[in-house]
2 protein chains.
Amino acid sequence: MTSTLGYAILAVLARRPRSGYDLAAAMNRPMGYFWTAGHSQIHPELQRLVAAGLASFEQVPGPGPQGKKIYSPTAEGLAALRRWVVEPPQSRPERDEMVLKTYASWVADPAELVRLFREELAAHERRLSAYEKERDALPEVPAHGSQAFGSYAALWCGISYERHRIAWCRWMIGQLGVDR
Amino acid sequence: MTSTLGYAILAVLARRPRSGYDLAAAMNRPMGYFWTAGHSQIHPELQRLVAAGLASFEQVPGPGPQGKKIYSPTAEGLAALRRWVVEPPQSRPERDEMVLKTYASWVADPAELVRLFREELAAHERRLSAYEKERDALPEVPAHGSQAFGSYAALWCGISYERHRIAWCRWMIGQLGVDR
DNA sequence: CGCCCCATGTAATCGGTTACATGATTGA
DNA sequence: TCAATCATGTAACCGATTACATGGGGCG
């Protein structure tokens with residue numbers, strides 16, 4: 001019906017109507033952990049959603065040349081989101097630069113590789129702390145059907161991912177340090 | 001010096017010189033697990049690498065209108081690859097459609113969600129088996145500095161990732177099944 | 001003879017990023 | 001009055017995907 005970006009926008013608007021500006025801010029953080037979009041992508045997509053009858057807006061006074069527009073999903077937009085959520089995801093090809101470097105790591109200097117993976121390890125540890133802090137601000141086991149459940153489940157995935165990545169970095173550092 | 005695609009190509013050619021066709025095949029499997037490129041992307045990039053002095057080719061007879069071209073990295077190309085491997089990766093924004101669906105899952109039907117995550121779980125279990133099979137074909141602990149080390153370390157990451165994803169799917173299925 | 005695999009290329013299109021452009025409100 | 005923040009948009013560019021285009025070699 002619409003692009004994945006369109007559904008990402010509907011997913012945010014379904015939680016609370018807001019302006020394109022606030023939408024861009026939400027897609028920076030916290031949603032930016034798993035989906036990002038700049039305002040130059042969001043504004044045209046909002047126009048398309050309105051044209052397709054999936055979203056509507058209310059013009060209210062405020063800053064900016066023409067005031068601001070508060071967007072909401074229409075009933076049709078909400079129904080489309082509900083359908084899209086349970087559809088199988090379209091597989092997009094993986095592109096992981098760190099794994100690519102690892103694949104070619106046999107040509108590189110081990111000491112430099114250890115430095116690289118130590119930096120990577122520290123970055124993932126920082127992200128893990130940030131995720132855990134956000135999770136601890138949510139109810140222990142949010143009821144399914146509540147917005148908090150969506151946030152909690154996404155954070156669970158992020159925390160698990162960072163732990164996997166941390167374990168990998170530690171293993172690499174151990175391997176590279178062993179025989180030298 | 002060149003694009004990430006260029007380094008991906010150099011990483012494959014550093015293991016063994018080959019034609020653009022074989023390069024495309026390698027980037028489909030097994031390398032396609034973490035980096036992909038079609039032949040329509042590879043051929044122009046090879047021309048750029050040659051123009052930049054990072055790769056060279058030898059024309060040999062074979063099928064195709066003008067025979068085939070076997071590409072190799074030049075000494076300069078290998079040096080560039082060695083430098084690139086230990087540089088910090090340029091952070092590309094995450095885009096995970098499954099997590100996006102999860103974030104919006106509070107609007108959807110729980111029974112349909114369970115079906116979705118069961119399908120996802122099965123797909124990750126299949127991939128895990130494939131990775132483990134490939135890993136078992138490699139030496140137990142490949143010596144660092146050998147090509148097998150790069151393959152082994154990339155597979156270690158893939159296996160760890162699939163396990164993380166499997167744990168997440170199982171947790172989601174458990175959560176959605178509990179209270180109904 | 002026809003089909004599949006090998007082999008190399010270009011063109012059109014699409015999603016996303018960066019840069020350009022404008023202007024109102026708020027508060028120091 | 002000046003700067004930061006709020007606010008909305010367009011244009012240029014870039015990487016990647018899909019489609020178009022050509023043709024040789026091997027095999028049934």
Side-chain angles (χ1 to χ4, degrees), chain A residues 1-9 12-13 17-29 31-32 34-51 55 57-71 89-97 100, chain B residues 1-9 12-13 17-29 31-32 34-51 55 57-71 89-97 100:
Chain A
M1 197 76 161
T2 182
S3 65
T4 308
L5 173 62
Y7 290 115
I9 288 174
V12 177
L13 294 182
R18 61 193 99 192
S19 67
Y21 183 88
D22 290 335
L23 210 38
M27 288 215 178
N28 198 330
R29 199 184 65 89
M31 200 193 189
F34 51 88
W35 204 272
T36 38
H39 75 277
S40 67
Q41 223 185 332
I42 287 170
H43 287 297
E45 185 65 35
L46 281 169
Q47 290 167 21
R48 277 189 288 270
L49 287 173
V50 170
F57 66 88
E58 192 196 351
Q59 195 115 19
V60 301
Q66 314 95 21
K68 62 172 165 176
K69 299 173 180 172
I70 303 296
Y71 291 87
Q90 51 181 78
S91 59
R92 19 174 81 238
E94 293 281 343
R95 271 198 190 81
D96 191 321
E97 198 175 319
L100 180 58
Chain B
M1 197 78 162
T2 182
S3 64
T4 308
L5 173 62
Y7 290 115
I9 288 174
V12 177
L13 294 182
R18 61 193 99 192
S19 67
Y21 183 88
D22 290 335
L23 210 39
M27 288 214 177
N28 198 331
R29 200 186 65 88
M31 199 193 189
F34 50 89
W35 204 272
T36 39
H39 75 276
S40 68
Q41 224 185 332
I42 287 169
H43 287 297
E45 186 64 34
L46 280 169
Q47 290 167 20
R48 276 190 288 270
L49 287 173
V50 170
F57 66 89
E58 193 196 350
Q59 195 114 20
V60 302
Q66 314 95 21
K68 63 172 165 175
K69 300 172 179 173
I70 302 296
Y71 291 88
Q90 50 181 77
S91 59
R92 22 174 79 239
E94 294 281 344
R95 271 197 191 83
D96 190 322
E97 198 176 317
L100 179 57

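Quick caveat, the model's predicted, so the values are computed rather than measured. Proteins get letters first, then strands, A, B, ... in listed order; numbering begins at 1 in each.
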Once you round it to whole Å, what is the distance between C1' of D/dT17 and CD of B/E45?
16 Å
Could you write nucleotides 17-28 of chain C as a row of B, S and -, 5' to 3', where a protein heavy atom under 4.0 Å of any base atom gives B, of only sugar-phosphate atoms gives S, and otherwise -?
BBB---BBS---
What nucleic acid atoms does A/Q47 come within less than 4.0 Å of, heavy atoms only: base, sugar-phosphate, or nothing?
sugar-phosphate
With B/Y21 via ring-ring contact (aromatic ring centres under 6.0 Å, His included) - residues at least two apart:
none
Tell me which of A/L5 and B/G20 sits closer to the 5' end of DNA chain C, going by the nucleotide each one is nearest to.
B/G20
Taking only N and O in the side chain of B/K68, is any of them less than 4.0 Å away from OP1 or OP2 of D/dG24?
no
Take atom CD1 of A/I9 and atom P of C/dG16, then tell me their distance rounded to the nearest Å.
10 Å
Judged by atom type as modelled, is there a donor-acceptor pair below 3.5 Å linking the side chain of B/R95 to the main-chain atoms of A/F34?
no
A/E94 CD to D/dT17 P: how many Å, rounded?
12 Å
Which atoms form the tightest heavy-atom contact between B/I70 and B/S19, and what is the distance?
CD1-N, 4.0 Å
Whole-Å distance between D/dA7 P and A/F57 CZ?
16 Å
Phosphate-side-chain proximity, B/Y21 and C/dC6, N/O vs OP1/OP2 below 4.0 Å:
yes
Can I get a per-line list of side-chain donor-acceptor pairs under 3.5 Å for residues 43-51 of chain B, giving both atom names and the distance, sequence neighbours left out?
from: B/E45; atom 1: OE1; to: B/R48; atom 2: NE; distance (Å): 3.2
from: B/E45; atom 1: OE1; to: B/R48; atom 2: NH2; distance (Å): 3.0
from: B/E45; atom 1: OE2; to: B/T2; atom 2: OG1; distance (Å): 3.3
from: B/E45; atom 1: OE2; to: B/S3; atom 2: OG; distance (Å): 3.4

CH2/A/W35 to CE/A/M27 distance, rounded to the nearest 0.5 angstrom?
9.0 Å
To the nearest angstrom, the CG-P distance between A/N28 and D/dT5 comes to 14 Å
A/R92 has an atom CZ; how far is it from atom C1' of D/dG15, in whole Å?
13 Å
Rounded off to whole Å, could you give me the CD-to-P distance for the B/E58 and C/dT8 pair?
13 Å
Distance in angstrom units between A/R18 CZ and D/dT8 C1', rounded:
17 Å
Taking all non-hydrogen atoms of both residues, which atom of A/G20 and which atom of A/I42 are closest, and how far apart?
O-CG2, 4.2 Å
Could you tell me whether the side chain of B/R92 and the main chain of A/E97 form a donor-acceptor pair under 3.5 Å?
no
